[in-house]
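Nothing fancy with the numbering, it's 1 onward along the sequence.
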Amino acid sequence: MRVLVTGATGYIGGRLAPRLAQAGYAVRCLSRSPRRLADVPWAAGMEVAEGDVTRPDTLGPALAGVDVAYYLVHALGSADFEAADRAGAAAFAAAARAAGVRRIIYLGGPAPEGGRSSAHLRSRDEVARILLDSGVPTVVLRAAVILGSGSASFEMLRYLTERLPAMVTPRWVENRIQPIAVRDVLHYLLAAARLPAGTHGDFDIGGPDVLTFAEMMQRYARVAGLPPRVIVPVRVLTPRLSAYWVGLVTPVPGALARPLVASLVHEAVCRDDRISDLVPPPPGGRTGVDAAIGLALSRIRAGAVETRWSSAAAPSDPLPTDPDWAGGSLYTDVRVAEVDASAGGLWRVIEAVGGERGWYSFPLAWAVRGWLDTLAGGVGLRRGRRDPDRLHLGEALDFWRVEEIERGRLLRLRAEMRLPGRAWLELRVRTDGGRTRYAQRAVFRPRGLAGHLYWYAVSPFHAVVFGGMARNIARAARRHDRRAAGHPDRPDRPAAADAAT
């Protein structure tokens, strides 16, 4: 059986595709940029089709010969995600019908009740209705909060609970929710491909526990070994204010936090358990909240997070190479340092940059830039990195996105912070006559007068931030090689200088 997985670079799709392959299906992944799957281990040997649900002409070839199509696409976080989701679902439904697809499987959200719902839930329900009316047998799985390492809902829960021992909260924290572990979501998605022919309809899926968001925070605190949290619900905190607060405290940016928080204003409990008539429960039964939290935390602590909510990336302009094409201005800051280390040692330091290790220069300056971006509604620095040592094309890295990676040679990052222009940072390894050199280039393409003023305003700090970064990465590579050779670390500058850095 051939299955198509849309959203294969996203949070759920990136976990589902390898499991489908392990189960013996012939998997084809649909991606706007097939290169993003080129160095992903599980994608080796899989068929990757270039396409986009917003470009209907690309869907016919991708769906040719497909038996089951998973629709795991949504534009949440974009300016007009409802219109984008509507158009994408309609195009996919028409293409699936024309291609003779035998089943569509869609992971949606709880069905709105009583005519009151958030834009997020309305959009997910509208997509479900478009697919159900497509003329192709469709299975819609409706899940509320998904708990798993790297999910946006879990990151909200985790950071709010860990960072706020006492908090004033909106009244919606007392609404009932029926969360589900990501492993159980994957169980139902896999089973949906094997349902009897002609199965058609929507089904609620959830875990065994029904509780409030406030109770989930207390459960998280207990599993994580934290003292009980002091939670005081008040009426004055509107969903908009709540979303702004979530954007400040958690790694989830405001553009994504707003629709998620608005969805929590309404109760999300399974209306029935009809799915049990078609799909047996996961081995060992459905995962409870405490077990789901414990599993997610163990993954995070082991640095073994498969995918994150930030995995999906919006398309963007490529790195400009011609100043005339860039509008006549292209600012750069170039640093080159000779490194007393191997090329391999230098690359390992480069690939491990960011996250908990930081950016090797002036931590306060990076932190302030992250705080300012968060206050402006951007992603800030708190997204961190999925894996402590290895990066893949398209991954989020703090407030950057991996735009290009040539292992052992080049790491190019595209800025996703709020800027009056576009920015990139390149880190390269070069070898010349047996010597290793580190080359670093910051590139900025301004947008309007504000972009030019921004560059001149931050230029005085470049010598400290970018110059220090080049020097300290070279030192870190030398220390890496000494440790790898079994030699103890040797200070290569006064302790006072180390402390200052």
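- In this view, R418 satisfies the salt bridge (Lys or Arg N to Asp or Glu O under 4.0 Å) rule with no residue, not counting sequence neighbours.
- Every residue two or more places apart in sequence or in another chain that forms a side chain to side chain donor-acceptor pair (under 3.5 Å) with T374 is listed here: R382.
- With hydrogens and angles left out, the side-chain atoms of W366 and D398 include no donor and acceptor closer than 3.5 Å.
- The residue from L393, I405, V48 that alone fulfils the side chain to side chain contact (heavy atoms under 4.5 Å, CB included) condition with R35 is L393.
- For S123 and D85, the side-chain atoms include at least one donor-acceptor pair closer than 3.5 Å.
- Residue I105 forms a side chain to side chain contact (heavy atoms under 4.5 Å, CB included) with just one option from T138, V5, L131, L189, and that option is L189.
- Between Y159 and L164, the closest side-chain pair of non-hydrogen atoms is not below 4.5 Å.
- Taking the side chain to side chain contact (heavy atoms under 4.5 Å, CB included) definition, one finds that R390 meets it with E351, D387, H392, R407, sequence neighbours left out.
- Using a distance-only test at 3.5 Å, with no hydrogens or angles considered, a donor-acceptor pair links the side chain of Q218 to the main chain of R229.
- Salt bridge R32/E50: absent, no basic N to carboxylate O contact under 4.0 Å.
- With R163 contributing its side chain and T161 its backbone, the two residues share no donor-acceptor pair below 3.5 Å.
- The backbone N or O of I104 lies less than 3.5 Å from no partner atom in the side chain of Y71, so there is not a single donor-acceptor pair.
- Scanning for ring pair (Phe, Tyr, Trp, His ring centres under 6.0 Å) contacts around Y188 gives an empty result, with sequence neighbours left out.
- Partners of F203 by ring pair (Phe, Tyr, Trp, His ring centres under 6.0 Å), not counting sequence neighbours: none found.
- Minimum heavy-atom separation, A193 to R103: O-NH1, 3.4 Å.
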Below 3.5 Å, can you tabulate the donor-acceptor pairs from side chains in residues 14-27 to any protein atom, sequence neighbours excluded?
| unit_1 | atom_1 | unit_2 | atom_2 | d |
| --- | --- | --- | --- | --- |
| R15 | NE | T307 | OG1 | 2.8 |
| R15 | NH2 | S149 | O | 2.6 |
| R15 | NH2 | S149 | OG | 3.4 |
| R15 | NH2 | T307 | O | 3.2 |
| R19 | NH1 | R15 | O | 2.8 |
| R19 | NH1 | E306 | OE1 | 3.1 |
| R19 | NH2 | E306 | OE2 | 2.9 |

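- A salt bridge links R129 with D125: the distance from a Lys NZ or Arg NE/NH1/NH2 to an Asp or Glu carboxylate oxygen falls below 4.0 Å.
- For residues 88-98, the set of pairs meeting the side-chain hydrogen bond (donor to acceptor under 3.5 Å, both in side chains) definition, not counting sequence neighbours, is empty.
- In terms of modelled atom types and a separation under 3.5 Å, the side chain of R308 and the main chain of G10 share no donor-acceptor contact.
- Checking side-chain atoms of T6 against main-chain N and O of L72 turns up a donor-acceptor pair under 3.5 Å.
- The closest side-chain donor-acceptor pair between R124 and Y106 falls under 3.5 angstrom.
- Among residues two or more places apart in sequence or in another chain, the side chain to side chain contact (heavy atoms under 4.5 Å, CB included) test is passed with R86 by E82, A83, E126, I130.
- In this structure, R414 does not pair ionically with E404, as no charged nitrogen and carboxylate oxygen lie closer than 4.0 Å.
- Looking at T58, its side chain never comes within 3.5 Å of a backbone N or O of G51 through a donor-acceptor pair.
- Side chain to side chain, E416 and W400 fail the donor-acceptor criterion of an N or O pair below 3.5 Å.
- Proximity of a side-chain donor or acceptor of E395 to a complementary backbone N or O of R385 within less than 3.5 Å is not detected.
- Every pair passing side-chain hydrogen bond (donor to acceptor under 3.5 Å, both in side chains) that includes a residue from residues 193-211 is listed here, sequence neighbours excluded: R142-D202, D204-R271.
- Not counting sequence neighbours, W42 has no partner by the ring pair (Phe, Tyr, Trp, His ring centres under 6.0 Å) test.
- Taking the side chain to side chain contact (heavy atoms under 4.5 Å, CB included) definition, one finds that A181 meets it with R183, D184, T287, A292, sequence neighbours left out.
- With sequence neighbours left out, R447 forms a side chain to side chain donor-acceptor pair (under 3.5 Å) with no residue at all.
- Taking CD1 from I180 and CZ from R286, the interatomic distance works out to 8.0 Å, rounded to the nearest 0.5 Å.
- Side-chain atoms of D67 come within 3.5 Å of backbone atoms of R2 as a donor-acceptor pair (strictly under, hydrogens ignored).
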